[in-house]
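Taking it in order: structure first as structure tokens, then the write-up.
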Amino acid sequence: MQDKDSEALRNQRRRRKRIGRIKSAIAFMIAGWILCSMILIVCLFAKISQLEQNINRYIENQNAGEGNMTAPGQTGGNSTETLDEASTEVPGETTYAAAPPLTGVADAWNLAEKGDVHKVYLTFDDGPSEYTGDILDILAEYGIKATFFVVGSEEEGAGDIYRRIVEEGHTLGMHSYSNKYSVIYQSREAFAEDYRKLHDYLLAETGVDVRYYRFPGGSSNQISNVPMADLIHYLNEQGVVYYDWNVTSGDAAAAFTTDEIVEKVTGDVAKYKTSVVLLHDTGGKQTTVEALGPLIEALQAMEAEILPIGDDTDAIQYVRADGAE
């Protein structure tokens with residue numbers, strides 16, 4: 001009888017051990033499934049973010065150099081008006097609708113003639129990044145001032161970069177806080193909220209009331225859910241001037257080499273009296289850093305005057321809203 005009890009007890013213990021192992025295996029399987037799911041979700045978000053950045057850069061590169069520029073208060077002799085009044089009028093309020101972007105070379109006012117001094121404005125979009133310090137070092141080495149259209153970054157050291165840009169005499173401009181088209185161009189209110197967030201952040205970090213803006217994708221982008229002229233009107237109300245570009249470095253395309261960037265920029269600069277050059281200050285743009293020194297030397301060899309954007313700079317703009325003061 002005692003042997004039977006002992007055998008039953010042993011069987012019961014073995015059964016408990018098997019159940020325990022099964023439970024442990026199930027727990028490990030569940031934990032593994034959760035961990036794999038989390039990894040897949042993180043990878044998916046990373047891919048989505050990378051895809052959005054690539055789309056933004058592609059659109060920006062497509063828009064580069066394709067606008068028909070007008071000087072303040074002027075229109076090109078071979079162009080149509082870039083703005084038409086909206087067909088729907090609200091009593092007491094004038095609204096504007098942007099016409100489709102124009103293409104072609106810059107208007108006659110800006111075409112260089114023999115003996116003209118080329119004014120060149122080097123502008124860097126999307127910073128701060130891991131390369132901003134290197135860019136600033138190179139500019140300091142050559143004694144050159146540039147313009148940085150920055151986005152909002154609260155990463156460690158970002159405030160120091162913003163302040164260094166200002167302290168070293170460069171122009172600080174805004175390029176939206178989030179740099180996400182789907183957020184910025186969702187509505188006029190969304191654009192205004194993003195603008196105020198970046199403006200106030202830069203004011204707190206640097207003490208500068210920033211008065212220059214560059215639209216992500218340029219003012220002729222086809223992504224915005226609202227007419228771009230409405231957003232230009234909003235910037236006018238804030239006393240802010242926006243700038244497009246009429247010379248692109250091509251650095252948005254990873255395939256461009258250092259020599260190709262220099263050749264592309266100098267070839268286009270030679271055409272214009274005023275050139276606003278689009279460059280990028282973002283991760284993965286090592287070629288931009290490598291090309292900057294040779295580009296400055298090539299521009300100096302052309303006896304070009306390299307300047308930061310200021311209040312007396314001719315506004316290079318694809319879409320104008322002259323009536324929206």
Side-chain angles (χ1 to χ4, degrees), residues 60-61 63-82 101-125 135 138-149 169-171 173 211-215 218-220 241-252 256 258-280 288 291-320 322:
E60 191 168 84
N61 193 42
N63 283 332
E66 295 186 353
N68 194 352
M69 321 309 167
T70 57
Q74 299 181 10
T75 58
N78 60 349
S79 68
T80 58
E81 291 293 333
T82 58
L102 301 173
T103 59
V105 299
D107 286 334
W109 73 270
N110 195 31
L111 294 179
E113 299 178 356
K114 186 176 180 180
D116 284 339
V117 175
H118 301 284
K119 292 185 177 181
V120 179
Y121 299 86
L122 301 179
T123 67
F124 297 87
D125 284 8
I135 292 172
I138 294 169
L139 294 172
E141 178 183 349
Y142 286 93
I144 297 298
K145 308 303 180 185
T147 302
F148 290 80
F149 289 103
H170 305 287
T171 296
R211 289 298 167 196
Y212 306 106
Y213 194 93
R214 171 166 287 160
F215 291 106
S219 66
S220 63
V241 179
Y242 88 89
Y243 279 84
D244 286 309
W245 57 91
N246 58 347
V247 175
T248 176
S249 66
D251 66 350
F256 275 71
T258 295
D259 291 341
E260 287 171 336
I261 289 174
V262 173
E263 182 179 357
K264 182 170 177 54
V265 171
T266 54
D268 286 340
V269 163
K271 303 174 185 177
Y272 308 129
K273 290 185 286 187
T274 296
S275 297
V276 176
V277 182
L278 174 65
L279 295 152
H280 290 86
T288 306
L292 184 55
L295 174 58
I296 291 172
E297 292 177 3
L299 292 172
Q300 289 176 332
M302 297 172 60
E303 298 185 352
E305 189 177 3
I306 307 175
L307 303 164
I309 285 176
D311 293 341
D312 59 348
T313 304
D314 288 329
I316 301 297
Q317 300 173 335
Y318 296 156
V319 178
R320 296 194 56 79
D322 294 331

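Position 1 is the first residue of the sequence; numbering continues from there.
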field: Whether T171 side chain and I309 backbone form a donor-acceptor pair below 3.5 Å
entry: yes

- line: The reported gap from OG1 in T147 to CG in D125 (rounded to nearest 0.5 angstrom) is 10.5 Å

- request: Report, as yes or no, whether the 6.0 Å neighbourhood of atom NZ on K119 holds more than 12 heavy atoms from other residues, nucleotides or ligands.
  value: no

message: For the NE2 atom of H170 and the CD1 atom of I144, what is their distance to the nearest 0.5 Å?
response: 9.5 Å

- prompt: Which pair of heavy atoms, one from A270 and one from A112, lies closest together, and at what distance?
  reply: O-CB, 3.9 Å

Y142 and I306: CA distance, side-chain angles, deciding distance, side-chain contact (heavy atoms from CB on, under 4.5 Å) verdict: CA-CA 11 Å; Y142 286 93; I306 307 175; over 6 Å; no

- line: Heavy atoms of A291 and T258 approach each other most closely as CA-CG2, 3.5 Å

task: Locate the shortest heavy-atom distance separating V262 from A298; write the atom from each residue and the value.
output: CG1-CB, 3.8 Å

- prompt: Distance from L295 atom CG to I261 atom CD1, nearest 0.5 Å?
  reply: 8.5 Å

- prompt: Among D116, V117, D314, which one satisfies side-chain contact (heavy atoms from CB on, under 4.5 Å) with K273?
  reply: D116

message: More than 12 heavy atoms of other residues, nucleotides or ligands under 6.0 Å from CD of E263: yes or no?
response: no

query: Quick one: CG on L278 to CZ on R214, what's the gap to the nearest 0.5 Å?
result: 5.5 Å

message: Show the nearest heavy-atom pair for residues D244 and G218, with the distance to one decimal.
response: OD1-CA, 3.4 Å

query: What residue among Y318, F124, Y121 forms ring-ring contact (aromatic ring centres under 6.0 Å, His included) with W245?
result: Y318

task: Could you tell me whether W109 and Y272 have their ring centroids closer than 6.0 angstrom?
output: no

L279 CG to D251 CG distance, which is reported to the nearest 0.5 Å: 5.5 Å

- line: Closest non-hydrogen contact found for A146 with L122 is CB-O, 3.4 Å

task: Quick one: do H118 and L299 satisfy side-chain contact (heavy atoms from CB on, under 4.5 Å)? Show the steps, please.
output: CA-CA 9 Å; H118 301 284; L299 292 172; over 6 Å; no

Under 3.5 Å side-chain donor-acceptor pair for D311 and Y212: yes

- prompt: Considering all heavy atoms of both residues, which atom of T313 and which atom of Y243 are nearest to each other, and what is their separation?
  reply: O-OH, 3.0 Å

- prompt: Is there a side-chain contact between N110 and N246 (heavy atoms, below 4.5 Å)?
  reply: yes

- prompt: How long is the span from the OG1 atom in T248 to the CG atom in D268, to the nearest 0.5 Å?
  reply: 8.5 Å

Heavy-atom check, side chain of L139 versus side chain of L292, under 4.5 Å: yes

